[in-house]
Asks: 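Quick one: structure below, then a few questions.
Quantities reported herein were computed from a predicted structural model and do not represent experimental measurements.
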Amino acid sequence: MSSETSGTTRSRQARQQLIADFVIDHGTAALADLVELTGVSHMTVHRDIDDLARRGVLRKFRGGVSALPSTVFESNAEYRLGAHVEEKAAIARRAVTLVEPGMSIMLDDSTTALALARLLREHAPLTVATNYLRTVDVLKDVDDIRLICIGGDYSRTHDSFLGMPCLEMVERITVDVAFVSTSAMNASMTFHQEPEVVLVKRAMLASAETKVLLMDSSKMPRSALHRLAPVTDYDRLIVDAGVDESLVKELRERIPVDVAPL
């Protein structure tokens with residue numbers, strides 16, 4: 001791919017992320033609002049909306065778009081892979097400094113943990129356990145990484161394994177560090193909108209000596225339907241520089257917080 005084509009792709013992804021975030025924050029948006037927001041033509045915005053609708057992020061209606069329920073778009077694997085990529089990469093660069101050769105680590109099915117997985121090659125030998133197929137693909141051919149694939153009921157939405165078999169396998173493992181993310185948090189609590197995912201993440205936390213929470217700034221301060229765990233249940237929080245300073249200060253009263261520069 002040429003640098004020009006790559007730059008065009010990145011700018012389209014950034015514009016679509018801007019549109020998605022705006023609509024999700026406001027619930028609905030008129031086409032004219034999105035044209036003004038992005039500074040591109042009506043035709044380009046139409047194409048972006050069509051793409052976001054196809055990916056299950058937004059719903060079109062005459063003259064505008066609306067956000068789908070959070071249980072749809074926040075769990076959509078394709079949406080999550082393209083969302084806040086730079087922030088997740090910054091968090092991963094900070095998180096990998098906590099990894100030492102010889103460790104056993106667990107990675108959940110978050111795309112932030114996936115960004116971390118891409119950096120692990122230089123820190124082998126390692127043992128890595130995960131329920132996320134994309135992380136398996138990243139690590140399966142890496143020398144000196146013992147890869148434990150946590151199975152269960154396959155979820156196409158998440159591209160990962162969940163359910164009782166997954167829970168039972170996680171509960172049989174003890175690791176040095178678990179790196180997890182979730183869909184929302186505030187200064188005192190972490191949340192997720194799906195109970196099945198909550199159960200697996202809780203099991204992962206219980207299986208780890210050290211629990212590291214990876215959260216990009218788009219997820220906070222927010223809440224979701226189900227409480228996952230109090231912030232104080234984690235040993236360390238890593239966020240990007242987009243988090244409001246007052247929230248970081250409040251969080252630091254409860255947990256060590258690392259702010260990863262973008």
Asks: Please name the pair of heavy atoms, one in T190 and one in A229, separated by the smallest distance, quoted to 0.1 Å.
Replies: OG1-O, 2.6 Å
Asks: Using every non-hydrogen atom in the two residues, find where G102 and L126 come nearest and quote the distance to one decimal.
Replies: N-CD2, 4.2 Å
Asks: Do other residues, nucleotides or ligands put more than 12 heavy atoms under 6.0 Å from the CZ atom of R202?
Replies: yes
Asks: Taking D50 first and then K60, would you say they form a salt bridge - that is, a charged N and a carboxylate O separated by under 4.0 Å?
Replies: yes
Asks: Determine whether a donor-acceptor pair (N or O, by modelled atom type, separation under 3.5 Å) exists between the side chain of T44 and the backbone of V40.
Replies: no
Asks: At what distance, to the nearest 0.5 angstrom, does CG of L116 lie from OG of S181?
Replies: 11.5 Å
Asks: If two hydrophobic side chains count as joined below 4.5 Å and joins carry through other members, does L225 share a cluster with L199?
Replies: no
Asks: Side chains of V198 and L228: does their closest heavy-atom pair fall under 4.5 Å?
Replies: yes
Asks: Are F179 and V136 joined in one hydrophobic group, where the rule is that I, L, V, M, F, W and Y side chains link up if heavy atoms are under 4.5 Å apart?
Replies: yes
Asks: Under a single-linkage definition using a 4.5 Å side-chain heavy-atom cutoff for Ile, Leu, Val, Met, Phe, Trp and Tyr, are L205 and V239 assigned to the same hydrophobic cluster?
Replies: yes
Asks: Specify the closest pair of heavy atoms between A224 and A184, including all atoms of both residues, with the distance to one decimal.
Replies: N-CB, 4.1 Å
Asks: Could you note down all residue pairs passing salt bridge (Lys or Arg N to Asp or Glu O under 4.0 Å) where residues 170-186 supplies at least one of them, sequence neighbours left out?
Replies: none
Asks: Test of understanding: with side chain to side chain contact (heavy atoms under 4.5 Å, CB included), list the residues that count as partners of T97, not counting sequence neighbours.
Replies: R94
Asks: Give, for atom CE of M43 and atom CZ of R47, the distance between the pair rounded to the nearest 0.5 Å.
Replies: 6.5 Å
Asks: Just jot down the side chain to side chain contact (heavy atoms under 4.5 Å, CB included) partners of S223, sequence neighbours excluded, or say none.
Replies: F191
Asks: With sequence neighbours excluded, tell me which residues meet salt bridge (charged side-chain N to carboxylate O under 4.0 Å, His left out) with D240.
Replies: none
Asks: Would V212 and V180 satisfy side-chain contact (heavy atoms from CB on, under 4.5 Å), going step by step from the backbone distance to the final call?
Replies: CA-CA 6 Å; V212 181; V180 303; over 6 Å; no
Asks: For R254 and S188: C-alpha separation, side-chain torsions, deciding distance, then whether side-chain contact (heavy atoms from CB on, under 4.5 Å) applies.
Replies: CA-CA 8 Å; R254 296 177 171 88; S188 59; 4.1 Å; yes
Asks: Are any non-hydrogen side-chain atoms of L120 and V96 less than 4.5 angstrom apart?
Replies: yes
Asks: Would you say that H226 contacts H192 through its side chain, given a criterion of any heavy-atom pair below 4.5 Å between the two side chains?
Replies: no
Asks: CG/N186 to CD/E250 distance, rounded to the nearest 0.5 angstrom?
Replies: 8.5 Å
Asks: Looking at OG of S155 and CD of E196, how far apart are the two atoms once the value is rounded to the nearest 0.5 Å?
Replies: 7.0 Å
Asks: For residues L251 and L237, determine if any side-chain heavy atom of one lies less than 4.5 Å from a side-chain heavy atom of the other.
Replies: yes
Asks: Could you tell me whether K140 and D137 make a salt bridge, using a distance below 4.0 angstrom between a side-chain N and a carboxylate O?
Replies: yes
Asks: Would you call M204 and N131 a side-chain contact if the rule is heavy atoms closer than 4.5 Å?
Replies: yes
Asks: Which pair of heavy atoms, one from A117 and one from L107, lies closest together, and at what distance?
Replies: CB-CD1, 3.8 Å
Asks: Assess whether side-chain contact (heavy atoms from CB on, under 4.5 Å) is satisfied between L18 and R15, documenting all intermediate values.
Replies: CA-CA 5 Å; L18 182 64; R15 189 177 63 247; 5.5 Å; no
Asks: Going from CD1 on I105 to NE2 on H123, what distance comes out if it is rounded to the nearest 0.5 angstrom?
Replies: 10.0 Å
Asks: Taking all non-hydrogen atoms of both residues into account, name the closest pair between M169 and G151 and its distance.
Replies: SD-N, 3.7 Å
Asks: Indicate whether the side chain of T111 and that of Y132 have a donor and an acceptor atom separated by less than 3.5 Å.
Replies: no
Asks: Around R146, counting heavy atoms of other residues, nucleotides and ligands shown, do more than 12 lie under 6.0 Å from its CZ?
Replies: no
Asks: Would you check if M106 and V170 make a side-chain contact, meaning some heavy-atom pair closer than 4.5 Å?
Replies: yes
Asks: What are the two closest heavy atoms between A90 and A260, and how far apart are they?
Replies: O-CB, 3.4 Å
Asks: May I ask you to list the residues sharing a hydrophobic cluster with F61, side-chain cutoff 4.5 Å, ordered by chain and number?
Replies: none
Asks: Rounded to the nearest 0.5 Å, what separates atom CD1 in I255 from atom OH in Y234?
Replies: 8.5 Å
Asks: Show every salt bridge (Lys or Arg N to Asp or Glu O under 4.0 Å) that has at least one partner inside residues 223-237, sequence neighbours left out.
Replies: R236-D258
Asks: Quick check: do L167 and P165 have side-chain heavy atoms less than 4.5 Å from each other?
Replies: no
Asks: Side-chain contact, heavy-atom cut-off 4.5 Å: I238 with L213?
Replies: no
Asks: Give the cluster check for I49 versus V35: same hydrophobic cluster or not, with ILVMFWY residues linked at side-chain heavy-atom distances below 4.5 Å.
Replies: yes
Asks: Test side-chain contact (heavy atoms from CB on, under 4.5 Å) on L133 and F161 and set out the steps.
Replies: CA-CA 8 Å; L133 273 183; F161 295 97; 3.8 Å; yes
Asks: Have a look at S160 and tell me which of T135, D109, D108, D153 forms a side-chain hydrogen bond (donor to acceptor under 3.5 Å, both in side chains) with it.
Replies: D109
Asks: Is D159 salt-bridged to R134, going by a charged N under 4.0 Å from an acidic O?
Replies: yes
Asks: Can a donor-acceptor pair be found between the side chains of T182 and K201 at a distance below 3.5 Å?
Replies: no
Asks: Please check if V243 and L262 belong to a single hydrophobic cluster, counting links between Ile, Leu, Val, Met, Phe, Trp and Tyr side chain heavy atoms closer than 4.5 Å.
Replies: no
